[in-house]
Amino acid sequence: MSDLHHEKHLEAYIVKKLTEQGWLLGDTKGFDQDTAVYTEDLEDWIQETQGPKWDKLVALNGERARETLLSRLDAALAKQGTIQVLRRGFSIAGCGQIDMSEAAPEDQRNETIIARYAANRLRVVPQLKYHPGRELAIDLGLFINGLPVATVELKTDFTQSAESAREQYKRDRLPEDPATGRKHPLLTFKRGAVVHFAMSDSEIWMATKLAGENTFFLPFNRGHDGKGGNPPRDDGEYPVAYFWEEICQPDAFLRIFHSFVYVEKKDVVDLKGNWSVKETLIFPRFHQHDAVNKMIADAKEKGPGQAYLCEHSAGSGKTSTIAWTAHDLTKLRHDDGKAVFDTVIIVTDRTVLDGQLQDAVQQIDHRKGMIAAIDRETSSKTKTAQLTEAMLKGVPIIVVTLQTFPHAMEAILTETSLKDRSFAVIIDEAHTSQTGSTASKLQATLALSSAKDTANMTVEELLTEIQKSRARPKNLSHFAFTATPKHSTLMLFGRPQDTSRPAGPDNLPRAFHKYEMRQAIDEGFILDVLKGYVSYKTAFNLGKELEDKKRVDGKAAKRALAKWMSLHPTNVTQKVQFIMEHFRHNVSPLLDGKAKAMVVTSSRAAAVRYKKAFDAFVIANPQYKDVRALVAFSGKLSGKDVMHSDDAQISGDLFVCDDDAEFTESNMNTGVEVKDLRIAFDRPEFRVMLVANKFQTGFDQPKLVAMYVDKKIANEVEIVQTLSRLNRTFPGKEETFVVDFVNDPEAIRAAFKKYDSGAQITEVQDPNVIYDMKDALDEQGIYSDEDIEAFKVARFETAMTFDTGEEDHHKAMFAATQRPTDLFNARLKALREEAARCEVEFLKATEAGGRCLGKKGRA
C-alpha cells in the first residue's frame, strides 16, 4: 500500500523548499544534546566573521578550545536566554566579545556589515534527536549560527491534525524528563528554542514556553475570509506554504529574531494579594508580522506624507505591533544612510504602553536614549519647548498623551528649525478621547474659531482640520491603529482601493491592514461577548414566557415574573440587589473566585449613587462582604449634584446628604492605597468596578467576566468599545455576562455587525426546546419507557435512601443505564467500523489511481 499520505513526505517537501532558498541541511549527529548547539555552524560563523578572536581562543586553550567555547556559551544561554545571546553575543576571557549573529544592514554604506550579514548560517535539521539515550526526535530543528531558535512538529491532515502536534508537544516534549529529572536545554524556556510550531498541511500553531499540559499555543494562521484558519491555494500549494515562502525566507527569518522577539514582563497578583513578575516570550503572530512588514516596506518606498490605517481587533496584540512599527521606522534608511523619518511620535492615553514600549524597544535595540515620554518628565519648559528640544536632539521615539498631541503638531507646523525634518506619528485609538488643552499657535495656523478649538477636539478631528488647511505637512506620515474605525477615521487614514484616483463613492477608502474581530474570536484571543448578552426586556419576556406555558408550574412562573418586574430600571437599589445576587450566583465562583464585574452608569452622579447603594447593601447583607466595589469618575461632585428630589420618599436616608458634601474617587474608595484604580482593581478584594465615562475604552482587565449596563450608549463605536472590555481571555474564562437595562438589543447587534461579520445575539431559549430534544432522542430507539422509570428510581429514590452509601447509588445508576448504554456503544462501534472500512477502500482506490465514488474529503 502507498504511504503517500504519511507526514514524512510533508517533512521532506519542507526541507527541500528551505534548502532551495539557502538553508543548510543538517544531520542530528552534528547536534550537541548537552548544549543544544549545532557546533559546526557555531565554529564556522566565528571563524568567518571574527577570525582573530577564534585564533586567540585556540592559542589560549589549544585542544580544549571547543570545550571552552561551548562552556561559556552554555553559561550565557542559561543566564541571558537564546534571543539576547543571539543579538548581543557573549564574552570569553582573553577573546573579548563574541558576536553570535549580524542584523540586516540599515543601508548599503558599510561593506563589512554587509559581508557579516551574508555570513549568517541558517540550518534545518530533520528528525532532531535531543534526548541522550532515548530515540526522541522532533521533526524539524531550525538554527541560526548554531543556536536553536525554532522546532517544528508536523502532522498531515490525511491522518492527523495540528491539534495532534500540539498534544505531542504537551505530552512528549517536556523540558524536564519526569523519570530522571534531566533538563533538556533545547526545550527549556528562554534557554532553548525560542518558538515551537505545531503544523499540519492546513494550520500552524505556536508556543514560546513548553510546560506539559499547561503549554499555551497561539494560532499562526493567515486568516480566511475574516475568520480563522488559512485559505486554500489556487496554485495547488499547501495552505501553510507561507511558512517556508515568507516566514522562513532567510532575510525575513533573521529579521524576526533581530527585530520582533522580546520578553514581556507583567506584574500579577494572587488571591492573597502577593505580587510577582510574569515573563512571556513574545513571538509575533502572523498578522502582526504581516502588518509591520507591509507598512515598513510601503514607507520606505513612498517616504513621508502617507497615511496608514490598521484595523486590528481587540486581542490583536496592538501594543506589540506599535512597538515593532515604531522601532522599525526609526531604523528605516535610504541607501545613502539618510533617515526616512527623523522622529517617531506615539500618541496614546494608555500609560501602560509607555513601560511595555520602552521595555520591548530596549530589548530589541539596547542603545540608550531611544525613547522620551514627554508627559512623564518634569521640566520647567513648556511641552512645546520639550517636544521641540527632543526632536532637535534626534530622540528616535517620543511618546505623548492625547492632551499633549496638539503641542507636537504645533512644533511640527510652526517651528522653522524642524521644517527639514520628517516625522512618523503613530496614533493609538485616535477617535476615542479629546486632546485637551489648547495650543494658541496651532489655533492660529489652522484658523480655528473659539467655538471649535483644540481643547474640544479628538485627535482625529484635529488632524482633519490640519488636512483641510493649507498647513497640511508633507513631511509627516500617520500610522493609526484602531479596532473600530468610524467613517471619518477611514476618510482620514484610509486609502482608496485605486490609489491613482481620489476617494469617492466608487473608490472608497479602506484600511491598509486588517485583523478582524471574528478572526480574533475564532483564534481564541478574545471572547464573543454577545453570546452572554441579555437585555432587561429579554429577561422580562422570559418570565412572561414561563407564565404562559401550561407545562410550567403556575406558582413558579408567577414568582419568576414578579422577580423580573421588581427590577424596574429606574430604581438603583433594586438594580444593585439584582446585580449583587446575579454576581454571587453566576459570576463570583468563576476563575477560581477571581472573576470581576463592571457596572456602566449613566453619569457621575449615578456612579456615586450606585456606590452608596452597593455599600449599604453589603452592610445590610454581611454575607456579601467579600464583594467590594470601587467607583471611578473624574473630578468631584457636591451633595446637590448627587441628590434627587424623591430620595427621601423612595430610599429613606440612603442618598440624602448635605448640599455641600463632596464626593471624589479618593474619598469614596476607602482602603485603596494606590491612585491608579486599574492597579487597585486587580487586587483580589475588589470584585466590582462602578464607572462613569471611565475605563470604557483601552482598559484591559482579563478577569472581567460580567458587565451591567445602565447607560444609553450613544454610538456604534462606543457600544463595541464598552462591551469589549469583557472579551479578554484568562485561564478558565469561557463565558461572559452582559445584562443591559436600557439599550435596544438590535442596536447592540448592529454595532457589532459593523466590525464582526459573525456577530449574533443569542435569543432567549424557548422553554419547549427540552421537549424537542426529547422527541429527537426518542426517535433513535435507544431507550424505552422502562429504562426511563428504572433511571428515575436509581437517580432519585435510591439517593433518598439514607442507609445506602454512594457506592450503592453508583451501582444502581450503572445497572439502570446498562441496557441503553450497551445499545448505544454497539451502534457507535458499528459506525466506526464502517468508517474504517471506507478509509481502507479510499486508500486502496487512491493507490490504484482511482476514486472512491460517493465519498468526499480526506479519510
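This is a predicted model, so every value here is computed, not measured.
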Exercise. Enter the distance from Ile426:CD1 to Asp428:CG here, rounded to the nearest 0.5 Å.
Key: 10.0 Å
Practice problem: Output the distance between atom CD1 (Ile345) and atom CZ (Phe405), rounded to the nearest 0.5 Å. | Solution: 7.5 Å
Exercise. Take Glu523 and Tyr515 through the test side chain to side chain contact (heavy atoms under 4.5 Å, CB included) and record every step on the way to the result.
Key: CA-CA 11 Å; Glu523 293 186 340; Tyr515 177 74; 2.8 Å; yes
Practice problem: Grab the two heavy atoms, one from Val344 and one from Ala326, that are nearest each other, plus how far apart they are. | Solution: CG2-O, 3.9 Å
Practice problem: Compare all side-chain heavy atoms of Thr404 with those of Leu387 and state whether any distance is below 4.5 angstrom. | Solution: yes
Quiz item: Mind checking what makes side chain to side chain contact (heavy atoms under 4.5 Å, CB included) contact with Asp342, not counting sequence neighbours?
Solution: Ala339, Arg421, Ser422
Exercise. Please list, chain by chain and in numerical order, all residues satisfying side-chain hydrogen bond (donor to acceptor under 3.5 Å, both in side chains) with Asn120, sequence neighbours excluded.
Key: Asn145
Quiz prompt | side chain to side chain contact (heavy atoms under 4.5 Å, CB included) between Lys278 and Thr280, worked out | solution = CA-CA 7 Å; Lys278 177 184 177 182; Thr280 304; 4.0 Å; yes
Practice problem: Look at the side chain of Gln50 and the backbone N and O of Lys53, then say whether any donor-acceptor pair between them is shorter than 3.5 Å. | Solution: no
Practice problem: Can you establish whether the number of heavy atoms outside Glu111 located under 6.0 Å from its atom CD is more than 12? | Solution: no
Self-check item: Qualifying residues under side-chain hydrogen bond (donor to acceptor under 3.5 Å, both in side chains), relative to His287, sequence neighbours excluded
Solution: none
Self-check item: Arg191 backbone acceptor or donor facing Thr82 side chain under 3.5 Å
Solution: yes
Quiz item: Quick check: are there more than 12 heavy atoms from other residues, nucleotides or ligands sitting under 6.0 Å from NZ of Lys302?
Solution: yes
Quiz item: Are the side chain of Trp324 and the backbone of Pro284 linked by a donor-acceptor contact shorter than 3.5 Å?
Solution: no
Quiz item: For Leu490, does its backbone N or O pair with a side-chain atom of Arg510 as donor and acceptor, under 3.5 Å?
Solution: no
Quiz item: Tell me, do Lys16 and Trp244 make a side-chain contact under 4.5 Å, heavy atoms counted?
Solution: no
Quiz item: Do any N or O atoms from the side chain of Glu311 and from the backbone of Glu516 form a donor-acceptor pair under 3.5 angstrom?
Solution: no
Quiz item: Under 3.5 Å, is there a donor-acceptor pair between the Tyr38 and Asp44 side chains?
Solution: no
Quiz item: Distance-only, no hydrogens or angles: does the Asn230 side chain make a donor-acceptor pair with backbone N or O of Arg222 under 3.5 Å?
Solution: yes
Self-check item: Separation between CG of Leu86 and CD of Glu102, rounded to the nearest 0.5 Å
Solution: 11.0 Å
Quiz item: When you measure from the side chain of Ser477 to the backbone N and O of Gly305, does any donor-acceptor pair fall under 3.5 Å?
Solution: yes
Self-check item: Verdict with reasoning, Phe143 to Leu24, per side chain to side chain contact (heavy atoms under 4.5 Å, CB included)
Solution: CA-CA 10 Å; Phe143 297 81; Leu24 302 171; over 6 Å; no
Self-check item: Derivation of the side chain to side chain contact (heavy atoms under 4.5 Å, CB included) call for Glu279 and Lys209
Solution: CA-CA 10 Å; Glu279 290 189 338; Lys209 182 178 183 179; over 6 Å; no
Quiz item: How far apart are the closest heavy atoms of Gly223 and Gln519, and which atoms are they?
Solution: CA-NE2, 3.4 Å
Self-check item: Over all atoms of both residues, closest heavy-atom pair of Gly141 and Leu128
Solution: CA-CD2, 4.0 Å
Quiz item: Are Arg285 and Phe525 in a cation-pi contact, defined as NZ or CZ under 6.0 Å from the six-membered ring centre and within 45° of the axis?
Solution: yes
Exercise. For Ala299, enumerate each residue passing the side chain to side chain contact (heavy atoms under 4.5 Å, CB included) test, keeping only those at least two apart in sequence or located in another chain.
Key: Tyr308, Leu329, Leu332, Phe341, Phe479
Quiz item: side-chain hydrogen bond (donor to acceptor under 3.5 Å, both in side chains) with Ser91: which residues, sequence neighbours excluded?
Solution: Gln97
Quiz item: Hey, what do you get for CG (Asp32) to CG (Leu186), rounding to the nearest 0.5 Å?
Solution: 11.5 Å
Quiz item: Which pair of non-hydrogen atoms, one from Pro126 and one from Val15, has the smallest distance, and what is that distance?
Solution: CB-CG2, 4.3 Å
Quiz item: Quick one: are Ile114 and Arg109 in side-chain contact, heavy atoms under 4.5 Å?
Solution: no
Quiz item: Do any N or O atoms from the side chain of Asn293 and from the backbone of His289 form a donor-acceptor pair under 3.5 angstrom?
Solution: yes
Quiz item: Should Thr343 and Val395 count as side-chain neighbours, where that means a heavy-atom distance under 4.5 Å?
Solution: no
Exercise. For atom CD of Glu237, decide whether the heavy atoms of other residues, nucleotides or ligands shown that lie under 6.0 angstrom number more than 12.
Key: yes
Quiz item: Once you round to the nearest 0.5 Å, how far does CD of Gln47 lie from CH2 of Trp54?
Solution: 5.0 Å
Exercise. Might you point out which heavy atoms bring Phe423 and Leu418 nearest each other, and give the distance in Å?
Key: CE1-O, 4.0 Å
Exercise. Test salt bridge (charged side-chain N to carboxylate O under 4.0 Å, His left out) on Arg495 and Asp298 and set out the steps.
Key: CA-CA 13 Å; Arg495 289 191 185 182; Asp298 192 84; 2.8 Å; yes
Practice problem: Quick one: closest heavy-atom pair of Tyr242 and Asn221, and the distance? | Solution: OH-CA, 3.3 Å
Quiz item: Using the ring of each side chain (for Trp, its six-membered ring), is His513 parallel, tilted or perpendicular to His312, with breaks at 30° and 60°?
Solution: perpendicular
Practice problem: Decide yes or no for Thr321 and Cys310: does some side-chain heavy atom of the first lie under 4.5 Å from some side-chain heavy atom of the second? | Solution: no
Self-check item: Main-chain N/O of Gly146 paired with Arg123 side-chain donor or acceptor, under 3.5 Å
Solution: no
Practice problem: Kindly indicate whether the side chain of Arg87, heavy atoms from C-beta on, has any atom under 4.5 Å from the side chain of Phe257. | Solution: no
Quiz item: Is the number of heavy atoms from other residues, nucleotides or ligands under 6.0 Å of Lys331 NZ greater than 12?
Solution: yes
Practice problem: Would you mind reporting whether Phe283 and Leu218 have side-chain heavy atoms less than 4.5 Å apart? | Solution: no
Quiz item: Is any side-chain N of the basic residue among Asp336 and Lys338 closer than 4.0 Å to the acidic one's carboxylate O?
Solution: no
Quiz item: Taking atom CZ of Phe197 and atom CZ of Phe243, what is their separation to the nearest 0.5 Å?
Solution: 4.5 Å
Quiz item: Donor-acceptor pair, Trp45 side chain versus Asp99 backbone, under 3.5 Å?
Solution: yes
Practice problem: Answer yes when Arg255 and Asp328 have at least one side-chain N-carboxylate O distance shorter than 4.0 Å, and no when they do not. | Solution: yes
Quiz item: Which residues pass the side-chain hydrogen bond (donor to acceptor under 3.5 Å, both in side chains) test with Glu43, sequence neighbours left out?
Solution: Arg66
Quiz item: Mind checking whether Val149 and Phe253 have side chains closer than 4.5 Å, heavy atoms only?
Solution: yes
